[in-house]
2 protein chains.
Amino acid sequence: MKITDRQKAVLKKIHDFIIINSYPPTARDVAEMMGFSSPKAATDHFTSLEKKGYIRKNSLARSIKLTDKAFGILKQGYSYFSFPAAAGHAALSYLPLIGNIAAGNPALAYENIDEYIPVPESFTGAYGADFALRVKGNSMIGDHILNGDMIMVKARSTAENGEIVVALINDEAVVKRFYKTENGIELVSSNPDYPPIRINIKDAGDSVKIIGRVVAVHRNI
Amino acid sequence: MKITDRQKAVLKKIHDFIIINSYPPTARDVAEMMGFSSPKAATDHFTSLEKKGYIRKNSLARSIKLTDKAFGILKQGYSYFSFPAAAGHAALSYLPLIGNIAAGNPALAYENIDEYIPVPESFTGAYGADFALRVKGNSMIGDHILNGDMIMVKARSTAENGEIVVALINDEAVVKRFYKTENGIELVSSNPDYPPIRINIKDAGDSVKIIGRVVAVHRNI
DNA sequence: AATATAACTATACATTTGTATAGCATATAG
DNA sequence: CTATATGCTATACAAATGTATAGTTATATT
């Protein structure tokens, strides 16, 4: 279903409020801006806008975020080429770019976070991503993942057959294809120079751990 | 009066929260992040930070703003490009995602723009990008650019030897490696199934046109 | 030595805010 | 023509949130 003119007007007011104040409006703020006498009118619009994918929110105060789709609507007619983002709250996930994954875990311990990278949701697929890593080495070149590429990872402790995963082997993060075997698991490179790593699950103990599935690859040329 | 280490830690937590959530934290959010058992500990810090000019706030929920002074403090230790965008300071560009490049041009006509994609500057390298395209076919698989990948392109009408470019051949956009030859140019695929396209520049007329250089590749898995 | 600032704990209260209930009128889709 | 979505008013309540009171300990500062 398409966005209505009224919903678009509300969306624009939300956007403008964020631009001006640096924080999102409440239902009552929107009601006042739109001239509604009840916050319910605003929250009804929020529900519609969220259903149509233009905003996201939770039940906390001032938690509305605009999505990529919203910015697409709001910026129409702007320019042929790219334009800078104004102050706003695009639905970006800020993924922590993990440096060294330290022994002892958790893998996402605060100390390991070098920086945060703003990543548009459309870049991480349906399930999103939880963190990013920079690839070291060319062991996955057969899957077109190269040294220096940035990968985005959905955190998970298990994997399906054939998925490309990030695993922790003796506290070192590696990218490999995951396969189940009779006795355990196999982590396979897509570069013939690197032999597959076979792990008998009984022997492995805590030395091998799946930490997530690769959902996106990004490379600067 | 100078900012204390503890105040700086609180400031960083506020910053990180905004980065991650796109909306500012409450006193209780900060208390939890810092390990305080009372929101008063957090509001005391707010008062100090505001007095010293690092934040501004009002009495509404989630209304903390970071000042430029705060960003000055927080940026220390971050590289120019990797510094994460915050609300109001997003280092993002909205790239038009070009759908079908229509006959008759211009290649970036407004009608061809399907949507805008927010792309962090760190994703497009030092020179940025002007538009994005989705790759059709596997002619560049040898360069690890696959069917369905999204490429980001810096608009240019010329290219250097060996660069990966987007060219318009008879109104169809193709991705190829660019080489100069004696008589004209050569557009080379990195897939042996596709022969190189040699163009004698005198014959070509307007049928071949370089429209830009590929600066980044993105793939969802 | 006295005083102010910093850095908190623990509890309480008032306001802000999300959200629900109940209803009405109009437009749109099947 | 009927059902559904849209677009509101009016009121109320519970949860989230800002902020105050009262106190403790440590560290500067004068």
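Reminder, nothing fancy here: chain letters follow the sequence lines and each chain counts from 1. Worth saying up front: this structure is predicted, and the values here are computed from it rather than measured.
- Taking for each of B:V10 and B:P39 the nucleotide of DNA chain C with the nearest heavy atom, the 5'-most of the two is the partner of B:V10.
- Residue A:S37 places no side-chain atom within donor-acceptor reach of the base of D:dA10, judged by atom type and a 3.5 Å distance cut-off alone.
- Aromatic ring orientation, B:Y23 versus B:F17: perpendicular (interplanar angle above 60°, classes split at 30° and 60°).
- With C:dG18, C:dA6, D:dT17 as the candidates, the nucleotide lying closest to the side chain of B:R62 is D:dT17.
- Applying the 6.0 Å contact sphere to CD of A:E186 captures more than 12 heavy atoms from other residues, nucleotides or ligands.
- Around atom CG of A:D5, no more than 12 heavy atoms belonging to other residues, nucleotides or ligands sit under 6.0 Å away.
- The residue B:R6 sits close only to the backbone: its heavy atoms come under 4.0 Å of sugar-phosphate atoms, none of a base.
- Under a cut-off of 6.0 angstrom, the local environment of CG in B:N58 is crowded, with over 12 non-hydrogen atoms contributed by other residues, nucleotides or ligands.
- Taking both residues in full, the closest heavy atoms of A:V175 and A:S139 are given as O-OG, 4.0 Å, listed atom of the first, atom of the second, then distance.
- Residue contacts shown for B:S38 include a base, since a base heavy atom lies under 4.0 Å away.
- At D:dA5, none of the side-chain N or O atoms of A:K2 fall inside 4.0 Å of OP1 or OP2 (strictly under the cut-off).
- At the phosphate of D:dA16, neither OP1 nor OP2 sits under 4.0 Å from any side-chain N or O atom of B:R28.
- Closest approach of A:S189 and A:M140 over heavy atoms only: CA-SD, 3.8 Å.
- DNA chain C is contacted by A:K40, A:T43 of residues 40-50 of chain A, taking any non-hydrogen atom closer than 4.0 Å.
- Heavy atoms of B:S59 sit under 4.0 angstrom from primed sugar atoms or phosphate atoms, though from no base atom.
- Inspection of the B:T26 and B:D29 side chains reveals an N or O donor paired with an N or O acceptor under 3.5 Å.
- Using a 4.0 Å cut-off between a side-chain N of Lys or Arg and a carboxylate O of Asp or Glu, A:E163 and A:R156 qualify as a salt bridge.
- Phosphate proximity of D:dG7 to A:K8: absent, as no side-chain N or O sits under 4.0 Å from OP1 or OP2.
- For the pair A:Q7 CD and D:dT6 C1', the interatomic distance rounds to 7 Å; values are reported in whole Å.
- Across the helix from C:dA1-D:dT30 to C:dG30-D:dC1, the helix axis at one end is tilted relative to the axis at the other end by 40° (nearest 10 degrees, each axis from five pairs).
- Comparing A:G35 and B:S63 by the nucleotide of DNA chain D whose heavy atom lies nearest to each, the residue mapping closer to the 5' end is A:G35.
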